[in-house]
Amino acid sequence: MSMDSGEEVSSREVKRILKDCVDNEDKKKPLTDDALCDILKEKGYNIARRTVAKYREQLDVPVARLRKEL
DNA sequence: AATTAGCATTAAAT
DNA sequence: ATTTAATGCTAATT
């Protein structure tokens with residue numbers, strides 16, 4: 001059995017969810033950090049928008065504006 | 001050290 | 001040009 005702390009696991013979970021959300025988003029209307037934060041809240045993760053932004057950076061995902069395509 | 005609140009800055013919308 | 005929305009910055013908190 002793993003000896004990882006629960007927090008380490010959940011931060012990985014959150015990052016996985018963020019990746020999925022961005023991969024499946026409508027590229028004409030990309031999800032903002034705020035929107036991602038709301039989605040996580042609905043899934044039961046109460047994490048601040050600034051933290052979402054930092055996770056996004058750690059995942060090398062650019063800000064919503066730059067993900068938008070014509 | 002990681003997360004967050006409050007404010008500052010920048011880009012987009014009107 | 002003004003207002004609003006999205007993101008960044010830094011200090012405070014835990």
Side-chain angles (χ1 to χ4, degrees):
Chain A
M1 294 294 282
S2 163
M3 294 179 56
D4 276 356
S5 74
E7 294 212 349
E8 169 106 57
V9 171
S10 57
S11 91
R12 285 188 184 187
E13 276 181 7
V14 168
K15 287 180 190 176
R16 197 201 77 235
I17 294 168
L18 288 176
K19 191 72 173 357
D20 288 352
C21 287
V22 171
D23 286 346
N24 302 352
E25 79 190 350
D26 177 2
K27 297 300 179 185
K28 304 226 171 208
K29 294 155 192 167
L31 297 163
T32 65
D33 292 343
D34 227 20
L36 291 166
C37 189
D38 288 346
I39 291 169
L40 287 172
K41 182 158 279 185
E42 285 170 4
K43 293 186 178 299
Y45 299 93
N46 278 61
I47 143 183
R49 176 235 112 197
R50 295 120 191 129
T51 309
V52 171
K54 288 188 174 177
Y55 284 172
R56 178 175 50 68
E57 287 165 11
Q58 289 171 27
L59 291 166
D60 295 300
V61 175
V63 301
R65 187 170 24 105
L66 299 176
R67 275 182 267 126
K68 180 168 181 173
E69 53 188 42
L70 184 69

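No experiment lies behind these values; they were computed from the predicted model shown. Only this structure's heavy atoms are used, side chains among them; waters, hydrogens and symmetry mates stay out. Throughout, protein chains are lettered first and strands after them, A, B, ... in sequence-line order, and every chain is numbered starting at 1.
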Is the closest side-chain heavy-atom distance between [X] and [Y] below 4.5 Å?
X	Y	answer
L18(A)	L40(A)	yes
V14(A)	I47(A)	yes
D33(A)	K54(A)	no

Can you list everything that forms a salt bridge (Lys or Arg N to Asp or Glu O under 4.0 Å) with R49(A)? Sequence neighbours excluded, please.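 Expected list: none.
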Name all residues meeting the salt bridge (Lys or Arg N to Asp or Glu O under 4.0 Å) criterion together with R50(A); count only those two or more places apart in sequence or in a different chain, and write none if there are none.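 Expected list: none.
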So does Y55(A) get a side-chain nitrogen or oxygen closer than 4.0 Å to the phosphate oxygens (OP1/OP2) of dA2(B)?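 So the side chain of Y55(A) is outside the cut-off, no N or O lying under 4.0 Å from OP1 or OP2 of dA2(B).
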Interatomic distance where [atom1] belongs to [X] and [atom2] belongs to [N] [whole Å]:
X	N	atom1	atom2	result
K29(A)	dA12(B)	NZ	C1'	16 Å
K68(A)	dA5(C)	NZ	P	15 Å
L36(A)	dA6(C)	CG	C1'	12 Å

Measure the spacing between CZ of R56(A) and OG1 of T32(A) and express it to the nearest 0.5 Å.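 Nearest 0.5 Å value for the CZ-OG1 distance: 9.5 Å.
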Please write out each protein N/O paired with an N/O of nucleotides 7-14 of chain C under 3.5 Å, distance rounded to 0.1 Å.
from, atom 1, to, atom 2, distance (Å)
dT7(C), OP1, A64(A), N, 2.8
dT7(C), OP2, D33(A), N, 2.8
dG8(C), OP2, R56(A), NH2, 2.8
dG8(C), N7, R49(A), NH2, 2.9
dG8(C), O6, R49(A), NH1, 3.4

